[in-house]
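Just so it is clear, the structure is predicted and the values come from calculations on it, not from any experiment. All chains are named by letter (A, B, ...) in the order of the sequence lines, taking the proteins before the strands, and each is independently numbered beginning at 1. When reading the values below, keep in mind they use all heavy atoms of this one structure, side chains included, and skip hydrogens, waters and symmetry mates.
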Number of protein chains: 2
Amino acid sequence: MPSPGNPSAGRPRSEEAHQAILNATVELLAEQGYSALTVEGVATRAGVGKATIYRRWSSKLPLVVEAFSQLPSLEEVDTGDLVNDLEKMLREYLHLFHASPLAAVLPSLIGERRHNPELSELLDPVLRGRRQPLNRALERAQERGELRADVDLELAADLIVGPIAVRLFFSGAKIHPRIVGPVVQMALDGLRAVNSEG
Amino acid sequence: MPSPGNPSAGRPRSEEAHQAILNATVELLAEQGYSALTVEGVATRAGVGKATIYRRWSSKLPLVVEAFSQLPSLEEVDTGDLVNDLEKMLREYLHLFHASPLAAVLPSLIGERRHNPELSELLDPVLRGRRQPLNRALERAQERGELRADVDLELAADLIVGPIAVRLFFSGAKIHPRIVGPVVQMALDGLRAVNSEG
DNA sequence: ATGAGAACGGAACGTATAGTATCGTAATGT
DNA sequence: ACATTACGATACTATACGTTCCGTTCTCAT
């Protein structure tokens, strides 16, 4: 059971072990990918018994999700100019994904979500949270009048992230940060063009 | 061994069993997802022995890739107008993916590609082939002068497919075909805007 | 101090599945 | 007829998830 009946009784859970497990999970995911990840491997790498892992996470999946959610996320950028904000954040986004091979796990998780409600409940909030800085930048731009009030912000976000995400996950190719500028420009120009027609 | 020494000796492989195996794979993937797919399950559903499966596919992965590649692909559309071509094809694309839950498998496969060269070699040609109709439409438009010669067609394809792919795989939400028009318009307007600046 | 409670690492266990091997049988070409 | 190969069925090996026990260690309450 995750929470003992009396929290101030008995030996407390080792925070050290907790972090060692998460770190080992991240390392092994990066090295060998998701399907090659074994709980035994994590336990060995972390210097921990399997029971210690299952005491904290009900199965491999929640462990992976928590390890994933520990990845550094986007920092919010607010320069007062939408293009600037988006370019900076997307460059950072690229950097994060190139620097951490753990990102390769995301498609695996996504793929299983549809048939695994438990995973969906675990993963969806994490994904939503990661898009927040982008959404907020778009909202601010809308408030400033940089984007018209009737622009669909979710569509805008997909339009901006989509091309980069597709390259990142599907083609698997490294992406020059240089590409971010044109992509943002195109997306915004496209949005403006459509909206100025109604 | 997949190819016997003398192809015209002995009992020939049953084409019926071959198709039954692929069909069973497709059905089970659609019903239960990738991680729940078992070779025994496929064999049972197909009314076939496991050996018959392993005689044709070296492991579960190639089987899944071939089942996936059997999905109906995009038909090429050539109306003489790029926007028209793209809208028609993307609507068909959406229809295909909404109609066949097997599409949910793609992210799983994509996720494992990075750490599995064998899978990469199997899957990459299939993915490339599926983008062909889109690429060809863009090439034709470029020849007609509808797109400038210096437009990066790969980037253009990512710009167009990206937003829809992200919604399809990541947000997992159903997508109104109505959204295709604006997305294509935005992407192309964006491309033109950037290119007319240099 | 001492004892209760809980987590610790380690190891054994049960179940499920990938993949291999072997059975007797069925189908094809020579 | 005979050689050859595939067939479905079944048993088998190896691996890995997840559970359960062990003796030990840590922390708090008394």
Protein-nucleotide distance ([X], atom [atom1]; [N], atom [atom2]), rounded to Å:
X: B:Glu16; N: D:dA6; atom1: CD; atom2: P; value: 17 Å
X: B:Ile53; N: D:dA9; atom1: CD1; atom2: P; value: 12 Å
X: B:Arg45; N: D:dG8; atom1: CZ; atom2: C1'; value: 18 Å
X: B:Ile21; N: D:dA6; atom1: CD1; atom2: C1'; value: 12 Å
X: A:Arg13; N: C:dA6; atom1: CZ; atom2: P; value: 11 Å
X: A:Arg55; N: D:dC21; atom1: CZ; atom2: P; value: 13 Å
X: B:His18; N: D:dG8; atom1: NE2; atom2: P; value: 13 Å

Shorter than 3.5 Å, N or O on both sides, protein versus nucleotides 17-20 of chain D: list them out with atom names.
residue	atom	partner	partner atom	Å
D:dC17	OP1	A:Leu37	O	3.2
D:dC17	OP1	A:Val39	N	3.3
D:dC17	OP2	A:Val39	N	3.2
D:dG18	OP2	A:Tyr54	OH	3.2
D:dG18	OP2	A:Lys60	N	3.2
D:dG18	N7	A:Lys50	NZ	2.8
D:dG18	O6	A:Lys50	NZ	2.7

Cationic N near anionic O, under 4.0 Å, B:Glu31 to B:Arg45: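 Salt bridge between B:Glu31 and B:Arg45, a charged N being under 4.0 Å from a carboxylate O: yes.
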
Pairing of B:Arg140 and B:Asp85 as salt bridge, 4.0 angstrom limit: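 Answer for the salt bridge query: yes.
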
Lys/Arg cation over aromatic A:Tyr34: A:Lys60, 6.0 Å, 45° cone: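 The answer is yes; both the distance and angle limits are met.
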
Check against salt bridge (charged side-chain N to carboxylate O under 4.0 Å, His left out), A:Asp78 and A:Lys88: CA-CA 10 Å; A:Asp78 184 0; A:Lys88 283 205 170 66; over 6 Å; no

Pairwise distance CG(A:Leu74) to CG(A:Leu90) - rounded to 0.5 angstrom: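 Separation between the atoms: 8.0 Å.
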
Side-chain donor/acceptor of B:Arg113 to backbone N/O of A:Phe169, under 3.5 Å: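 Between the backbone of A:Phe169 and the side chain of B:Arg113 there is a qualifying donor-acceptor contact (under 3.5 Å).
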
A:Glu75 atom CD: more than 12 heavy-atom contacts under 6.0 Å: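 No - once you tally the heavy atoms of other residues, nucleotides and ligands closer than 6.0 Å, there are 12 at most.
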
Residues, nucleotides or ligands: over 12 heavy atoms within 6.0 Å of B:Glu40 CD: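 At most 12 heavy atoms, drawn from other residues, nucleotides or ligands, come within 6.0 Å of this atom.
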
Distance-only donor-acceptor check, side chains A:Arg13 and A:His18, under 3.5 Å: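 No, A:His18 and A:Arg13 have no side-chain donor paired with an acceptor closer than 3.5 Å.
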
What does the list of N/O pairs under 3.5 Å between the protein and nucleotides 25-27 of chain C look like, with a distance for each?
residue	atom	partner	partner atom	Å
C:dA26	N3	B:Arg11	NH1	3.3

Phosphate OP1/OP2 of D:dG8 contacted by B:Thr52 side-chain N/O (<4.0 Å):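 Yes.
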
